[in-house]
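Take a look at the structure below.
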Amino acid sequence: MPELPEVETVRRGLQPVLEGARIAEVTLARADLRFPFPPGFRERVTGRRVVSLGRRAKYLLADLDDGTVLVMHLGMSGAFRIEQAATQTVPGAFHYARSEDRKHDHVIFHLERADQAGLRIVYNDPRRFGFMTLVPRAELESHPFFAGLGLEPVGNALDAETLAHLLAGKATPLKAALLDQRIVAGLGNIYVCEALFRARLSPQRAAGTVATKAGRAGVRAERLAVAIREVIDAAIAAGGSTLRDHRQADGQLGYFQHTFQVYGREGEPCRTPGCGGTVRRLVQSGRSTFHCPRCQR
DNA sequence: AAGTGAACCTGAAGGC
DNA sequence: TGCCTTCAGGTTCACT
């Protein structure tokens, strides 16, 4: 599921439940996800209160009241579920409705809130490419996960000038450059395809050619910067994309996938008015690229 | 240095 | 029905 818009959607879903809650108990179904949980993970999280829930690129950041940050990445198939106990017969004993697939529930955070009892959030991840770790707040920016991250495509950080500068001189295909988190942080395979279509730029064009010879922003860098911001903003507003039955933390489905112009549309007509081209699929560095060879140059 | 491909892991979908 | 292959939203590492 998760590129930046999906992670941001998860963040917005979890925020009202997590912020201000005390993590009363942590259940780990196994010792690792993609990486082992850090030593003492369960003990270090238990009893802490969540001060705020933020996001950087595709990382969720839960600030805890002891100054550490619970860093969470959803990998390819990670998802959170919010669960509310259906009944409370005995104080402290909760019953939860059974859900379809508990097989890959790896982490349960049991929460304690003044206004609500029996609340918990469950991390499910079939492929286990996700991970969680703990980093002191003061060391977050210098941590290897974050030190090299590029521009956030939301807000004011991503402007044509900066983007052109980052791409200048690069011979790598534009598609690969935009997937590189050191340039723009948070884009993934879908939104790179969609942004390139909106910018009418070929995924195969050398990345450096979107800048002018002087390394400054030309019309192409302008178009690309605008396209990236617009597609990410629109996707967040739509609640992200729901593929392969993934759901948001509150069970809602995102609907941006209905807005895809090229992703997954191989062989279908290009939607650029008057183009008349056909969407093609090609493989670049092992990943599918969908584009219209006619209007993307 | 830069670019490509494989690896990590599981499940779904399609072909035969 | 079942077996096999291919593909999937991410990231890192090894190789050319």
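What you see is a predicted model, and the numbers here were worked out from it, not measured in a lab. We name chains A, B, ... by the order of the sequence lines, and we start the count at 1 in each one.
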Quiz item: In the structure shown, which nucleotide is the Watson-Crick or G-U wobble counterpart of dC9(B), with both distances under 3.5 Å?
Solution: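 Check on dC9(B): unpaired, no WC or wobble geometry under 3.5 Å.
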
Quiz prompt | Watson-Crick or G-U wobble mate for dG9(C), both contacts under 3.5 Å | solution =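 Check on dG9(C): unpaired, no WC or wobble geometry under 3.5 Å.
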
Quiz item: Are Val17(A) and Val26(A) connected in a single hydrophobic cluster, I mean Ile/Leu/Val/Met/Phe/Trp/Tyr linked by side-chain heavy atoms less than 4.5 Å apart?
Solution: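 Shared cluster, yes.
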
Nearest to side-chain heavy atoms of [X], which nucleotide of [options]:
X         : options                  : result
His104(A) : dG11(B), dG10(C), dC7(C) : dG11(B)
Glu6(A)   : dT10(B), dG9(C), dG10(C) : dG9(C)
Gln181(A) : dA8(C), dT4(B), dT11(C)  : dT11(C)
Arg128(A) : dT11(C), dA8(C), dC9(B)  : dC9(B)
Tyr263(A) : dT4(B), dG10(C), dG9(C)  : dG9(C)
Thr172(A) : dC7(C), dT4(B), dG9(C)   : dT4(B)

For a quick check of understanding: with a heavy-atom distance under 4.0 Å over all strands, which category does [X] fall into, base, sugar-phosphate or nothing?
X         : value
Gln284(A) : nothing
Arg127(A) : base
Ala171(A) : sugar-phosphate

Practice problem: Determine, stepwise, if the pair Glu152(A) / Leu4(A) fulfils side chain to side chain contact (heavy atoms under 4.5 Å, CB included). | Solution: CA-CA 9 Å; Glu152(A) 271 286 321; Leu4(A) 188 152; 3.7 Å; yes

Can you tell me how far [atom2] of [N] sits from [atom1] of [X], to the nearest Å?
X         : N       : atom1 : atom2 : value
Lys175(A) : dG9(C)  : NZ    : C1'   : 12 Å
Arg102(A) : dG11(B) : CZ    : P     : 17 Å
Met76(A)  : dT11(C) : CE    : C1'   : 10 Å
Phe260(A) : dA8(C)  : CZ    : P     : 13 Å
Ile232(A) : dG9(C)  : CD1   : C1'   : 12 Å
Glu3(A)   : dG9(C)  : CD    : C1'   : 5 Å
Arg30(A)  : dT10(B) : CZ    : P     : 7 Å
Leu179(A) : dT12(C) : CG    : C1'   : 14 Å

Quiz item: Do Glu161(A) and Arg216(A) meet the salt-bridge criterion of a basic N to acidic O distance under 4.0 Å?
Solution: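 Glu161(A) and Arg216(A): salt-bridged.
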
Quiz item: Would you say the side chain of Asp63(A) lies within less than 4.5 Å of the side chain of Val50(A), judging by non-hydrogen atoms?
Solution: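 They are not in side-chain contact.
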
Exercise. Provide the distance between the two C1' atoms, one in dC7(C) and one in dG5(B), to the nearest whole Å.
Key: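 Comparing C1' positions in dC7(C) and dG5(B) gives a spacing of 16 Å.
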
So, does [X] get its side chain near the phosphate of [N], meaning an N or O under 4.0 Å from OP1 or OP2?
X         : N       : value
Lys58(A)  : dG9(C)  : no
Ser288(A) : dA8(C)  : yes
Lys103(A) : dG11(B) : yes
Arg287(A) : dG10(C) : yes

Quiz item: Using 30° and 60° as the class limits, which term best fits the ring planes of His73(A) and Tyr59(A): parallel, tilted or perpendicular?
Solution: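 Perpendicular, since the angle between the ring planes exceeds 60°.
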
Quiz prompt | Parallel, tilted or perpendicular: rings of Tyr191(A) and Phe260(A) (30°, 60°) | solution =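 It falls in the perpendicular class, over 60°.
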
Quiz item: By centroid distance (under 5.5 Å) and plane angle (under 30°), are Phe129(A) and dT11(C) in a stacked arrangement?
Solution: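 Ring-base stacking flag not set for Phe129(A) and dT11(C).
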
